[in-house]
Every structure is written in structure tokens, then in C-alpha cells.
Amino acid sequence: MPKSVLVVGQGYVGLPLAMRALAVGHRVVGFDTDQERVKRLAKGESYIEDVSSSELTAALESDRYRPTDSATDCAGFEIAVITVPTPLKESVPDLSFIEAAAWIVGRHVEPGTCVVLESTTYPGTTTELLAPILEEASGLVAGADFHLGYSPERIDPGNGKWGLANTPKVVSGIDEASLAAVESFYDTMVERTVPVSGTGEAELVKLLENTFRHVNIALVNELAMFAGDLGVDIWEAIAAADTKPFGFMRFNPGPGVGGHCLPIDPSYLSWHAKRRVGTAFRFVELANDVNDNMPEYVVRRLMLSLDRRGKSVNGQRVLLLGLAYKPDTGDARQSPAITVAQKLFGLGADVRAVDPHVRQQVGSEWMRRVALSEEEVAQVDAVVLLTDHTAFDYDMVTAKASYILDTRRRLDGENTEHL
Ligand SMILES: NC(=O)c1ccc[n+]([C@@H]2O[C@H](COP(=O)([O-])OP(=O)(O)OC[C@H]3O[C@@H](n4cnc5c(N)ncnc54)[C@H](O)[C@@H]3O)[C@@H](O)[C@H]2O)c1
């Protein structure tokens with residue numbers, strides 16, 4: 001049965017969710033406090049790569065999707081899904097966006113409605129932070145009067161194989177009736193739902209998944225640094241280990257981690273563990289330490305290679321390939337490539353960067369954005385491959401560059417060194 005769905009936050013998570021809800025027949029209000037974003041949505045202009053402007057235009061024309069920045073438009077929902085940011089503020093979880101969203105949603109909660117939180121956060125947020133605000137704002141009781149649950153988002157922007165619909169979705173509720181309500185909504189949205197017994201377990205799922213990635217990436221990054229010093233090819237070792245059909249999962253070294261998840265989510269867990277249980281989550285702290293130092297390691301490697309050729313970084317022209325934190329996306333949030341660029345600039349390098357996906361203006365004062373061309377590649381003292389976008393002409397780069405530091409093991413020329 002089609003429902004009236006309110007999606008709070010129209011970003012990387014909320015906009016694709018709104019489009020999916022629409023595609024399966026629901027009516028959707030997409031509420032966002034960012035007026036500029038709402039204006040663009042209303043014009044049919046998507047700012048999220050996974051949603052095309054033509055899909056958005058069709059959504060608007062259907063008359064079942066309404067983007068808005070007006071809180072009063074939030075009234076009348078049957079299901080409200082909260083997808084607002086959960087950043088760190090001075091290394092501490094900042095839940096102020098969830099709180100602000102909860103006050104807005106809470107004023108419109110009616111008996112029998114359902115509220116689901118999707119933002120990534122530490123265990124306990126749904127029951128200890130969200131429920132009390134919703135109850136105070138609505139004058140109703142969570143569970144008794146309205147349903148409440150948590151369902152972690154698993155989208156992987158730019159992933160052509162696993163999207164919202166075919167990725168199993170973990171669902172939870174604060175009681176059995178809430179779980180049933182949350183599950184029945186997501187059963188309309190995805191191929192498979194995975195119910196867990198409580199919201200705390202569901203909240204932990206997302207942090208576990210991202211901490212697992214973060215720690216394993218740190219493991220191969222640290223190994224890569226040792227292997228380099230030992231004169232062993234880490235990439236060959238990883239590829240060979242990956243032939244083991246059980247008990248091994250491949251992760252690749254790189255210039256560090258970025259995006260909205262890995263640099264942030266594991267710290268939610270370690271902060272919470274320390275506060276609640278008094279125990280340091282040492283794996284997260286170690287992984288942060290290793291991964292945060294990778295941009296510095298990349299710069300050091302580049303300095304050494306220039307040094308070998310009698311050059312200093314100061315005054316050299318360096319071309320960075322890729323600014324996004326992962327291939328084929330335009331997301332440069334917390335990208336290690338930006339840190340590499342900043343550090344090189346600080347050392348006096350003339351930094352140029354190519355990224356056909358990243359549209360946002362980053363570092364324009366200290367980095368020149370250029371297009372990838374034979375002339376550009378031939379004129380620089382070094383090329384550093386940081387994000388292995390499919391769109392790059394790798395044969396041309398290998399043919400024209402005097403020296404390449406490849407942090408992604410994509411290139412194989414005589415002029416190329418790997419991380
Ligand atoms: N981006 C991802 O790949 C990803 C994947 C899984 C989970 N998550 C999690 O999902 C949550 C949202 O992330 P995102 O990447 O979509 O963030 P985003 O910044 O792309 O979008 C969030 C949107 O919420 C809006 N917003 C902020 N406060 C609001 C309020 N009070 N009411 C209405 N709108 C408000 C912002 O203007 C913004 O448009 C975070 O907790 C994140 O950790 C993100």
C-alpha cells in the first residue's frame with residue numbers, strides 16, 4: 001500500500017532513498033534545511049551522482065515528490081526517515097543535526113505513524129536521544145503511540161552493482177510492533193530486509209562494517225610501508241593471498257581513507273566505548289593513526305624519489321591525478337588527495353590536479369585544476385596517481401610522464417613506482 005513518506009535530509013543518502021520510495025509507489029516529501037539544495041531540486045537539478053537530473057525531473061512531474069525547506073510541509077506523514085549528517089566536531093560525535101531533525105519531525109508525529117533513523121551513529125542514539133525528543137515534541141509515547149526504529153544505510157555511491165534496492169537492509173524497532181512497521185516499509189523498498197532484535201544492534205551493524213574496512217585498510221597500509229622498506233612487492237603478495245578461497249578478504253593500500261564514513265564512523269564507536277565502558281577501542285585508534293599518516297607517507301615517497309634525481313620538491317611542478325576519495329565518484333569530502341595536495345603546496349611545489357568528477361571548488365588558492373593532456377603530463381616533474389578513475393587515459397600518462405608515483409597499482413611503466 002502506498003504511503004506518505006517524509007525523508008528528512010536530501011543528501012547522498014536521503015535523495016536516492018526518496019527516489020526509490022517514489023519508484024515503488026509512495027508519495028514523498030523531501031525536506032532539507034539547505035535552501036540552495038531545495039531550490040536546485042525544485043528545478044530538477046541533481047547534485048548527487050547516483051540520481052540523474054532526468055530521474056529527478058520525472059519525479060517532480062509525477063506530482064508525488066515534493067522537495068521543501070519548510071518544516072510545515074513535514075505534516076501528514078505515515079513514515080518519516082531521518083538521513084541527516086552525523087559529523088565529528090573536534091573529534092567528538094556531533095548529533096545536533098539529529099536533534100534538530102527530531103524536533104521538526106516530532107511536532108508532526110501522529111498516533112500510528114512510524115519514525116526511522118538512518119544516520120550513522122553509536123548504539124543507544126535511537127532510544128536515548130531520538131525517542132525523548134520525539135515524545136516531548138509530540139506529547140506521545142514511543143512504542144505505545146507511534147513506531148520507532150533504526151535502519152543503517154549501506155549505499156556505496158558510484159557502485160554500479162550494489163544499490164539501494166539489491167543490498168540487504170538491516171531493520172530494527174524499539175519493540176515488536178515498531179520492528180514490524182519498519183520492516184514492512186523497507187520490504188516495499190528493497191529486495192531483502194534483515195531484522196535484528198534491537199535498535200542498538202542495528203546501530204552497531206553500521207559501525208562494525210565501517211570499522212572492519214577501516215582497520216583492514218590500515219593493516220595493508222602499514223604492511224605496504226614495511227614491504228617497501230623490505231624490498232617486497234606488497235601488491236603481488238596481496239593478489240596471491242587473494243587466491244585463497246576462504247579466510248582472506250582483499251583490501252588494497254592507498255593514500256589514506258576519505259569520504260563521509262571511514263574517517264568518522266569508527267571514531268563514533270571508540271568515543272562511545274570510552275565514555276560508556278571506560279575502555280579505549282585500540283584498533284580504531286591504531287587504524288586512525290596509520291590511515292591518517294598515509295598522505296604524509298605519499299609525500300615522503302615523492303620527496304625521496306625527487307631527491308634521487310637531484311631535485312627538491314620546492315619549486316617542482318607536480319600533477320595529481322584524482323582528488324575524490326574513491327574512483328569514479330565526485331566526492332572529495334575528507335579526501336586524502338586534498339591533504340597530499342596541501343602538504344606538497346606547503347613544501348613549495350607547484351601543485352596541479354586533474355579530476356573530471358569533482359565539481360566542488362577545493363583548494364583553488366594553492367592548487368591549479370587542469371585538464372588531462374599530453375602537454376600537461378609532459379611538462380610536470382612528477383605525476384602522483386591518487387584516485388584511479390576509469391576516465392583517465394593511463395596509456396598516455398605512462399607514455400608522457402617523466403616519473404609517476406602510483407598509489408593505486410594501476411600503472412606499470414619503467415617510469416612508475418608503487419606505494
Ligand atoms: N554518504 C554515504 O555514502 C553514506 C553511507 C551510509 C551512511 N551515511 C550516513 O548517512 C547520514 C547522512 O549522510 P549523507 O552523506 O547523506 O549527508 P549529506 O551531507 O549528503 O546530506 C545530509 C543532508 O541533510 C540536510 N540537513 C541537515 N540538517 C537537517 C535538518 N535538521 N533537517 C533537514 N535536513 C537537514 C543537509 O542540508 C544535507 O542536505 C550520515 O549519518 C552518514 O554518516 C552516509
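Atoms within each ligand, like the ligands themselves, are counted from 1 in listed order.
Scanning the protein for heavy atoms near atom 39 (O) of ligand 1, the closest one is D32 OD2, 2.6 Å. Scanning the protein heavy atoms around atom 16 (O) of ligand 1, the nearest turns out to be V13 N, 2.9 Å. The closest protein non-hydrogen atom to atom 41 (O) of ligand 1 is T86 OG1, 2.5 Å. Protein heavy atom in closest approach to atom 35 (C) of ligand 1: T33 OG1, 3.3 Å. From the protein, the heavy atom lying nearest to atom 7 (C) of ligand 1 is T120 OG1, 3.4 Å. Closest to atom 21 (O) of ligand 1 among all protein heavy atoms lies G11 CA, 3.2 Å. What sits closest to atom 1 (N) of ligand 1 on the protein, heavy atoms only, is Y12 CB, 3.4 Å. At the top of the distance list for atom 31 (N) of ligand 1, counting protein heavy atoms only, stands A101 N, 3.6 Å.
For the pair R275 and Y122, the cation sits on the ring face: its NZ or CZ lies under 6.0 Å from the ring centre, inside 45° of the axis.
Annotation for L207 and Y268: closest pair CD2-CB, 4.2 Å, computed over non-hydrogen atoms.
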For this session: Please report the C-alpha distance between F281 and T211 in whole Å, then the side-chain angles of each, then the deciding distance to 0.1 Å, and finally whether the side-chain contact (heavy atoms from CB on, under 4.5 Å) criterion is met.
Result: CA-CA 11 Å; F281 194 172; T211 303; 4.2 Å; yes
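The N/O atoms of R37, backbone and side chain alike, include one that comes under 3.5 Å of an N/O atom in ligand 1.
Exactly one residue among R40, R37, R359 makes a salt bridge (charged side-chain N to carboxylate O under 4.0 Å, His left out) with E45. That residue is R40.
Between the side chain of H389 and the main chain of D328, a donor-acceptor pair closer than 3.5 Å is present. For the pair T199 (side chain) and Y150 (backbone), a donor-acceptor distance under 3.5 Å is absent. A donor-acceptor contact shorter than 3.5 Å is absent between the side chain of T416 and the backbone of D412. For the pair S335 (side chain) and L323 (backbone), a donor-acceptor distance under 3.5 Å is present. Y186 places no side-chain N or O within donor-acceptor distance of the main-chain N or O of A181, the cut-off being under 3.5 Å.
In the vicinity of R333, heavy-atom distances shorter than 4.0 Å reach the ligand 1 atoms 1 (N), 15 (O), 19 (O), 20 (O). Which parts of ligand 1 touch F97 is read off a 4.0 Å heavy-atom cut-off, strictly below it: atoms 27 (C), 28 (N), 31 (N). Short contacts between ligand 1 and D34, defined as distances under 4.0 Å to a heavy atom of the residue, involve ligand atoms 37 (O). Residue contact check: I155 has heavy atoms under 4.0 Å from atoms 3 (O), 5 (C) of ligand 1. Close contacts between ligand 1 and V8 involve ligand atoms 32 (N), 33 (C) [criterion: under 4.0 Å to a heavy atom].
Under 4.0 Å from ligand 1, the heavy atoms of K206 that appear belong solely to its side chain.
Using a cutoff of 4.0 Å between basic side-chain nitrogens and carboxylate oxygens, R27 and E78 are scored as salt-bridged.
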